[in-house]
Structures are given as C-alpha cells and as structure tokens.
Protein chains: 2
Amino acid sequence: MDQVTSAQHWMAQQMGLIIPHLSVDCVVFGFHENQLRVLLLRFKNTEVWALPGGRVYREEPVNTAAVRVLEQRTGLRGLYLQQFHTFGDPDRLHSSDFQAILAQQNIRIEASSLLFDRTISVGYYALVEFAQVSPAPDQLSDECRWWDIRDLPKLFFDHNEIVAVAVRTLRQRLSYEPVGLNLLPEKFTMPELQRLYETLLGQPLDRRNFQKRMLAYDFLQRLDERRTGGAFKAPYLYRFDRERYAAVLQGGGLAFG
Amino acid sequence: MDQVTSAQHWMAQQMGLIIPHLSVDCVVFGFHENQLRVLLLRFKNTEVWALPGGRVYREEPVNTAAVRVLEQRTGLRGLYLQQFHTFGDPDRLHSSDFQAILAQQNIRIEASSLLFDRTISVGYYALVEFAQVSPAPDQLSDECRWWDIRDLPKLFFDHNEIVAVAVRTLRQRLSYEPVGLNLLPEKFTMPELQRLYETLLGQPLDRRNFQKRMLAYDFLQRLDERRTGGAFKAPYLYRFDRERYAAVLQGGGLAFG
DNA sequence: ACAAAAGTGTTGCCGATACACCCATGA
DNA sequence: TCATGGGTGTATCGGCAACACTTTTGT
C-alpha cells in the first residue's frame, strides 16, 4: 500500500473502533523566551493549523484518550494534563472544511461518514517543559511547532475559542496549578519563575516582594549552583520540593499582588 | 395507549433523535435552613435516587440540552446553569442496573440498545432559590425532592461522585460565582447571606467583619424594610445591585477570612 | 570603571481581626 | 426584665507594598 491508501485504510479502520460524535482536543502549553506558547499541527499539504485532537475508543476512558492522542499526534508522553471544558455546539465544526483538508491528502471518505457528523469535544490542557520536548508530526500533519499565544493564526474549526477558554481557565486556576513545576525546567532561577508568573498574570511583579513570598512558601530548595553566562551577577538555581509545593497549592494556593 | 406503553413508546422514539453515548446530568443546588441541598429524582417503583439527567438531541447545543432536560424532568426554568466537568470513564454506568430500573416500570428495551451502551456525561450545576421552586417529577419518576448535601443516599451510577465534584467546584469558584444572587431570595438579611457563605465555606465568620466587608463591596442595597417575626431585633433587608455584584465578581472576586 | 541584574533589608500603611457596646423584640 | 440576636464603632496587629543599598559579573 502506498502512503495515501495506508492513511485512508487507517482512518476507515478507526471508524469502527471509536465512539461517534465525540472527540478530545489538547491545548499544550509551553513557556519560552518569556512567552506562553501553544503546540499546533499543520495538516498535510495545507496551511491549516489545528490543535492535536482525536477520537475516543469504545472502551477507553476519555482521560486516557487524551493522553494517547497527545502521544500519537505529537510524540509527547507523561504530561501534566487537565480537563477544562467541553465544547458542545452543533455548529462548532463544518464538515466541508474537514473534507477539503482530507481531499488535500487524497483521502476520500463518504460525506455520510460519522467523521463529518456533529462532534462534541472534551478540552484538555497540558503543561510541558519547553526544552524537554521535541514534538513530531503524525501522518496527518506536515509540521508541529510552537506558536506564541498572542499571535495565533486562524485555526481549524473552533480551535481558536478552545485555546482562549484554556488560557482563561489556566489564569483562573493559576494559584492552584503547579505551573512552575511543569512549565519550567528542573532547575531554574528566581527571575525565571517570576517571568513565568508575570506572563501568565499579564502584569509585572515587584522583584523583591516576589522572592520573599516564594521563599516564605518554603517549597523551593536553593541549590549551590548558579546560572552563569549573563553579563551580571549570577543568580542562584532553585528546585521545587514537590511535596511542599503540592501542599501549598492544595491549601489556600498562592497569592500575588 | 396505557401509561407503560406510552412511556416505552416515548423512549423508543427518543432513540432516533438523540446523540448516542452522550448525556447531561444536572446538580441543582438550593439553600434552606442553613443547609446546602441537592434536588434528586426517585425512579418509579424503586428506591433508587438519581440526578436529573437526559440525552442530547442531534442538532441541539449541549448547553441547551441541559436547560431543556432540567425543565422536562423537574419543571424548573430560567436557572443559573454552569458546566463543570465531563465524566468519561467507561465503567461509570452498569447497564444491568439501568435495565432493572426500567423493568420496574415494565419498560422493556433490547439489551443491545444504545441506551445501555457506554455513555459520557457532561455535568452542570444550577443555583436556585429554594422557595421559588416547586419541583415536579416527570414520567420516569415517582418523586422529586431536596436532599441535604451531607446526608445523601447511595445514588444511581456514579452520581455520588458527580455531586462531590460539583460541590468541590462550587467551593473553588465561590469567590467568582453569584451564589448569593441565585441561592437567596430577592430580599434577604445580612445574617442570611452570612449563613450561606459560612455553610459553603464550612467555617464560621465574624459577624461584624463580614458585614463590613460586604458593605464595602458596595453591591448591596439596604431597603427600608426589616424582617420581623423573630424574638430579637429585626434585621434589615438587602437586595443585590446586580451590575455591581457582577463587576466585583469579575474583577478579583470576593474575599473571606 | 561602569552597566546590568541579583541578593538582602527596612519602613510604613492599609486592611483585616478581635474586640465592646448599644438597640430592638418577644416571651 | 431578660435572653437573644442585630447594628455599629474602635484599637491593634500583621502582612504586604513600596522603597534603597550592596554585591556580582561581563565588557
């Protein structure tokens, strides 16, 4: 079988195994160069960008489907993944757009297929360490890369809205989510942690007060190493004490101001 | 047609109109006698209690389905309704339990029916003024009544967990949700508002500080009326300034302590 | 030497808490 | 008149925001 036939065969085979009318979509967040970024896929032979998403198998928990889909479509594993909203409007996708994209890959599926029928999507967001990740596109996509959250193209279906809701939800949950642990590398400096929270909050924070408060939470371990290379005083490296971090987030959460 | 045949016919007819594998379930919260309560239905000829839930029509937004199902099954309209979580484990319902309940009503449906297949449920919670409501059971139920949140029976399927997640979510969102506006009557006293928040938070609050803070938010209008009837000084009645209330919840939310 | 950035300390204000006192009402 | 609960005022305490100075490093 050539590649096209293989892909078509694969899709047809999937149809019998999945739950109709249901999908999952994942908003993968990363943090790089002081910007919040999202991982997007570009459909083969098109300029159409979309969130990594997929179908749920008949006997598979929806949460598990989100993990599997993410691995199949981007190669990412073991992520911090949270369900945040379910998108259930009947006009959230337009089958003609979808058919056009498949046509670009010479995949032909009857217009009556359940694939083109109304679909409800359960939205998840993931927090990943940007550097740890080498995303790889799957067989439906040409490219898989990070996009600045402030500068997204027009996305497939209602994916722009899904991203927007994910960002809003993440902001709301900021005090209770382990964003530092999951978006930063194992070792990081205090200014790096501060940039992260500043970016997510959308407002600058006082350097000294921020440091005092974070240290007061007592979930950071200062290492003996420092980050060298800059034209300035080398900052200390820190690491999370995961237990204490979780405990603080659980009880009351963080505060900013 | 007798009642049984009518009900069976009705269900059969529904099957062609609905999206398979998908349902909505509603956790209706009320506040009465200083307790948070949930509205439950008892299936006909059984002692099985369940949340009001139902199916989604082919062309119907899921949000709309939640509103409709709630009206059909309890008679309630125009509620404050929020989606909070989607429950997608394959073993969250057991078709044998469901068949047994339908059998009690002499409704017989083939075991192969999609009704008994795996179902993903989108959870919503509603906030309602207890006194405004006269819930009425539908044709599948014998009874519809309020239950104290702390003293629920074993519910249908995973509905106990759904309620638990709803309560947890409501607590988390407490500072940003218009719980006062929707759970209390149009006019209410300061102590009543305080009892509400105390119950939801699970901790007592200082009477004087609470009053000061609420008035400082400037979203309460004190009326010239007082609540008489108690063996004590008659408290003032208040009403929400809806715009200001919404504005405060939007920006920063409420604080307690 | 200088600029840029990081580490640490101090002050003062605001706001929340912990109070006390008085008032209204029904029994 | 007494018990109960509601309305209002005040003093204190602590935490957080605002701010300054020193230290380190590369150029």
Side-chain angles (χ1 to χ4, degrees), chain A residues 33-34 174-175 180 184-185 187-199 201-240 248-249 251-257, chain B residues 31 33-35 174-175 180 184-185 187-199 201-240 248-249 251-257:
Chain A
E33 286 173 350
N34 292 340
L174 198 53
S175 295
L184 293 178
K187 303 172 181 180
F188 55 91
T189 68
M190 191 64 75
E192 284 165 0
L193 183 63
Q194 183 178 342
R195 303 284 167 265
L196 172 61
Y197 278 110
E198 282 178 335
T199 304
L201 288 166
Q203 59 171 317
L205 299 169
D206 183 274
R207 186 170 63 86
R208 300 151 280 204
N209 294 332
F210 180 83
Q211 170 140 341
K212 243 180 303 179
R213 205 170 325 177
M214 289 300 140
L215 292 178
Y217 286 131
D218 200 31
F219 54 55
L220 293 178
Q221 297 169 342
R222 191 166 89 173
L223 308 176
D224 287 332
E225 306 171 66
R226 289 158 176 265
R227 168 140 314 162
T228 58
F232 43 74
K233 180 169 180 176
Y236 286 105
L237 287 171
Y238 292 85
R239 183 167 51 192
F240 280 101
V248 171
L249 293 174
L254 307 187
F256 307 96
Chain B
F31 188 68
E33 288 173 348
N34 293 338
Q35 283 311 324
L174 199 52
S175 295
L184 293 178
K187 304 170 181 180
F188 54 89
T189 67
M190 192 63 78
E192 284 166 0
L193 183 62
Q194 184 179 340
R195 303 283 166 268
L196 172 61
Y197 277 110
E198 283 178 335
T199 304
L201 288 166
Q203 58 170 321
L205 300 170
D206 183 274
R207 185 169 63 88
R208 300 151 280 204
N209 295 331
F210 180 82
Q211 169 139 343
K212 244 181 305 182
R213 205 170 327 176
M214 288 301 139
L215 292 178
Y217 286 131
D218 200 30
F219 54 56
L220 293 177
Q221 296 169 341
R222 191 166 90 173
L223 308 176
D224 287 332
E225 307 172 65
R226 290 158 176 263
R227 167 137 317 163
T228 57
F232 42 75
K233 179 169 180 175
Y236 286 104
L237 286 173
Y238 292 87
R239 184 169 49 194
F240 281 100
V248 171
L249 293 174
L254 308 186
F256 306 95

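A quick note: this is a predicted structure, and the numbers were derived from the prediction, not measured. Lettering follows sequence order; numbering is per chain, from 1.
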Report all side-chain donor-acceptor pairs from residues 228-237 of chain B shorter than 3.5 Å, counting only partners two or more places apart or in another chain.
unit_1	atom_1	unit_2	atom_2	d
B:Tyr236	OH	B:Arg226	NH2	2.7

Nucleotides bounding contact with chain B, strand DNA chain C, heavy-atom threshold 4.0 Å: C:dT17 to C:dG26
Kindly write out the residues that satisfy side-chain hydrogen bond (donor to acceptor under 3.5 Å, both in side chains) with A:Glu198, not counting sequence neighbours, or none if the list is empty.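 A:Glu198 satisfies side-chain hydrogen bond (donor to acceptor under 3.5 Å, both in side chains) with A:Gln194, A:Arg195 only.
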Looking at residues at least two apart in the chain, or sitting in another chain, which of them share a side-chain hydrogen bond (donor to acceptor under 3.5 Å, both in side chains) with B:Arg207?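 For B:Arg207 there are no side-chain hydrogen bond (donor to acceptor under 3.5 Å, both in side chains) partners, ignoring immediate neighbours.
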With sequence neighbours excluded, what pairs up with A:Phe188 under the ring-ring contact (aromatic ring centres under 6.0 Å, His included) test?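 A:Phe188: ring-ring contact (aromatic ring centres under 6.0 Å, His included) contacts with A:Phe240.
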Residues forming a side-chain hydrogen bond (donor to acceptor under 3.5 Å, both in side chains) with A:Gln211, sequence neighbours excluded: none
Min and max contacting nt of DNA chain D in 5' to 3' order, chain A heavy atoms within under 4.0 angstrom, are D:dA17 to D:dG26
Contact residues, residues 203-211 of chain B to DNA chain D [heavy atom, < 4.0 Å]: B:Arg207, B:Arg208, B:Gln211
Residues from residues 225-239 of chain A lying under 4.0 Å of DNA chain D - heavy atoms: A:Gly230, A:Ala231, A:Phe232, A:Lys233, A:Ala234
Of all residues at least two apart in sequence or in a different chain, which pass the ring-ring contact (aromatic ring centres under 6.0 Å, His included) check with A:Tyr197? A:Phe256
Not counting sequence neighbours, which residues clear side-chain hydrogen bond (donor to acceptor under 3.5 Å, both in side chains) with B:Gln221? List them please.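 Applying side-chain hydrogen bond (donor to acceptor under 3.5 Å, both in side chains) to B:Gln221 gives B:Arg239.
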With sequence neighbours excluded, tell me which residues meet side-chain contact (heavy atoms from CB on, under 4.5 Å) with A:Asp218. A:Arg244
